[in-house]
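All values below were derived from every heavy atom in this structure, side-chain atoms included, with hydrogens, water molecules and symmetry-related copies excluded.
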Amino acid sequence: MAKHIRTCCFIDCYRGSLPVKINYEYKLIEIIKNLITNLYVTHFISGMEIGFEQLIAEIVVKLKGKHPNITLEGVLPYEDFTIEWNEDQRDKYYSLMEKIDKETLLQYHYTKDSIKNRNSYIINKSKYVVLLYNNTREFYDLVLYTRSNKKALFIIEPDTLNIKPKIKVFK
């Protein structure tokens, strides 16, 4: 059986700040618990971007206490990924990276396709792909790439997450 069969990655296509009125952590915990119990996901991958991707990583780290069989991989697109972040953002990132199970560095130097390469890498390693939706070219490219690689795709629409996580599945 292929290693990626029980793997899920999370990619932030939203690029905005999540609305503060929504309790994202609670809703995302429910989504991740469902992935673990209903789809038997044991390995999670995060691109470790500020916001959604780091929140997912934090939640997976917290859930490891109740689900010791799950693992978390943080994928860095290039070595200086955090260089333009402020000190608090970098401190949070490094603190989180100390708690993950595996760190993957894809390339040493930034190139214009670094993020695209990271996203392709984590999609290729996963059976399930969760995208935080935004109506952008990047989002549509990721949907097409995910579907062409026959991955199960879950799309979270940020504005409706406060009602009920709206997830669409493509197979």
Side-chain angles (χ1 to χ4, degrees), residues 7-36 39 41 43-64 67 70-78 81-86 88-104 106 114-143 145-146 151-170:
T7 300
C8 179
C9 68
F10 292 84
I11 301 174
D12 182 356
C13 298
Y14 189 58
R15 301 296 182 250
S17 56
L18 301 174
V20 285
K21 66 181 180 180
I22 299 173
N23 185 348
Y24 274 92
E25 186 169 0
Y26 172 76
K27 301 291 185 180
L28 293 172
I29 287 170
E30 292 306 311
I31 291 169
I32 294 171
K33 282 181 179 178
N34 282 329
L35 287 164
I36 294 168
L39 298 175
V41 172
H43 186 67
F44 292 90
I45 305 174
S46 171
M48 302 305 293
E49 188 67 65
I50 294 169
F52 176 73
E53 293 176 12
Q54 285 188 10
L55 180 56
I56 291 296
E58 289 176 57
I59 291 168
V60 171
V61 166
K62 287 179 188 175
L63 289 176
K64 289 176 71 151
H67 303 277
I70 64 172
T71 57
L72 174 62
E73 179 178 354
V75 178
L76 290 82
Y78 54 94
F81 181 55
T82 64
I83 200 161
E84 293 183 13
W85 296 0
N86 67 41
D88 289 340
Q89 292 168 330
R90 281 194 304 273
D91 288 347
K92 180 180 177 183
Y93 167 82
Y94 289 117
S95 173
L96 189 53
M97 291 301 283
E98 290 175 359
K99 299 171 187 161
I100 68 170
D101 300 290
K102 181 179 180 184
E103 179 179 336
T104 302
L106 296 181
S114 298
I115 301 300
K116 181 179 178 184
N117 291 341
R118 179 205 58 192
N119 292 342
S120 297
Y121 173 84
I122 64 179
I123 290 170
N124 291 339
K125 284 194 68 177
S126 301
K127 178 175 183 170
Y128 305 103
V129 177
V130 179
L131 301 178
L132 184 64
Y133 173 77
N134 197 6
N135 193 13
T136 63
R137 176 67 187 197
E138 175 193 20
F139 170 75
Y140 289 107
D141 288 347
L142 287 172
V143 168
Y145 185 81
T146 301
K151 308 294 181 169
L153 174 61
F154 298 83
I155 300 171
I156 299 175
E157 298 174 352
D159 296 336
T160 59
L161 198 58
N162 62 343
I163 298 168
K164 182 179 177 185
K166 209 170 194 182
I167 300 177
K168 301 173 186 174
V169 180
F170 299 96

Visitor: Suppose we screen for side chain to side chain contact (heavy atoms under 4.5 Å, CB included). Which residues come up paired with Val41, at least two apart in sequence or across chains?
Guide: Cys8, Leu35, Leu39, Phe44, Tyr128
Visitor: For a side chain to side chain contact (heavy atoms under 4.5 Å, CB included) check, start with the C-alpha distance between Leu153 and Val143, then their side-chain angles and the critical distance, and finish with the verdict.
Guide: CA-CA 8 Å; Leu153 174 61; Val143 168; 3.9 Å; yes
Visitor: Counting distance only, does the side-chain N/O of Gln54 pair as donor-acceptor with the main-chain N or O of Met48 below 3.5 Å?
Guide: yes
Visitor: Is the closest side-chain heavy-atom distance between Met97 and Leu76 below 4.5 Å?
Guide: yes
Visitor: List for me each residue that meets side chain to side chain donor-acceptor pair (under 3.5 Å) alongside Lys33, sequence neighbours excluded, and say none if there are none.
Guide: none
Visitor: If we check side chain to side chain contact (heavy atoms under 4.5 Å, CB included) with Glu53, which of these qualifies: Ile122, Leu132, Asp12?
Guide: Asp12
Visitor: Please assess Glu73 against Thr104 for the test side-chain hydrogen bond (donor to acceptor under 3.5 Å, both in side chains), listing each intermediate value before the final yes or no.
Guide: CA-CA 7 Å; Glu73 179 178 354; Thr104 302; 2.6 Å; yes
Visitor: Taking only residues two or more places apart in sequence or in another chain, which ones pass ring pair (Phe, Tyr, Trp, His ring centres under 6.0 Å) with Tyr121?
Guide: none
Visitor: Sequence neighbours excluded, which residues qualify as salt bridge (charged side-chain N to carboxylate O under 4.0 Å, His left out) partners of Lys116?
Guide: none
Visitor: Can you sort out the partners of Asn86 under side chain to side chain contact (heavy atoms under 4.5 Å, CB included), two or more places apart, ordered by chain and number?
Guide: Asp88, Gln89
Visitor: If you measure from CD1 on Ile59 to CD on Glu30, what distance do you get to the nearest 0.5 Å?
Guide: 10.0 Å
Visitor: Between Pro77 and Asn117, is there a side-chain heavy-atom distance shorter than 4.5 Å?
Guide: no
Visitor: Taking Asn124's backbone N and O only, do any of them form a donor-acceptor pair with Lys151's side chain (distance below 3.5 Å, no angle check)?
Guide: yes
Visitor: Would a distance-only check, ignoring hydrogens and angles, find a side-chain to backbone donor-acceptor pair under 3.5 Å from Arg118 to Leu106?
Guide: no
Visitor: For Thr82, enumerate each residue passing the side chain to side chain contact (heavy atoms under 4.5 Å, CB included) test, keeping only those at least two apart in sequence or located in another chain.
Guide: Trp85, Arg90, Tyr93, Tyr94
Visitor: When you compare the side chain of Phe154 with that of Asn34, does any pair of heavy atoms fall below 4.5 Å?
Guide: no
Visitor: Could you work out, with side chain to side chain donor-acceptor pair (under 3.5 Å) as the rule, every residue matching Asp101, not counting sequence neighbours?
Guide: Lys64
Visitor: Taking only residues two or more places apart in sequence, or in another chain, which ones meet Lys92 in a side chain to side chain donor-acceptor pair (under 3.5 Å)?
Guide: Glu58
Visitor: Not counting sequence neighbours, which residues clear side chain to side chain contact (heavy atoms under 4.5 Å, CB included) with Leu142? List them please.
Guide: Ile11, Cys13, Asn119, Ile123, Leu131, Glu138
Visitor: What's the spacing between Ile70 CD1 and Ile36 CD1 if we round to 0.5 Å?
Guide: 4.0 Å
Visitor: Tell me, please, which residues at least two apart from Tyr145 pass ring pair (Phe, Tyr, Trp, His ring centres under 6.0 Å).
Guide: none
Visitor: Which atom names give the shortest non-hydrogen contact between Ala57 and Leu96, and what distance separates them?
Guide: CB-CD2, 3.6 Å
Visitor: So how far is it from Ile50 CD1 to Leu55 CG, rounded to the nearest 0.5 Å?
Guide: 13.0 Å
Visitor: So, taking the atom named CD1 in Ile83 and the one named OH in Tyr78, what distance separates them when rounded to the nearest 0.5 Å?
Guide: 9.0 Å
Visitor: Can you name the side chain to side chain donor-acceptor pair (under 3.5 Å) partners of Ser114, sequence neighbours left out?
Guide: Gln107, Thr111
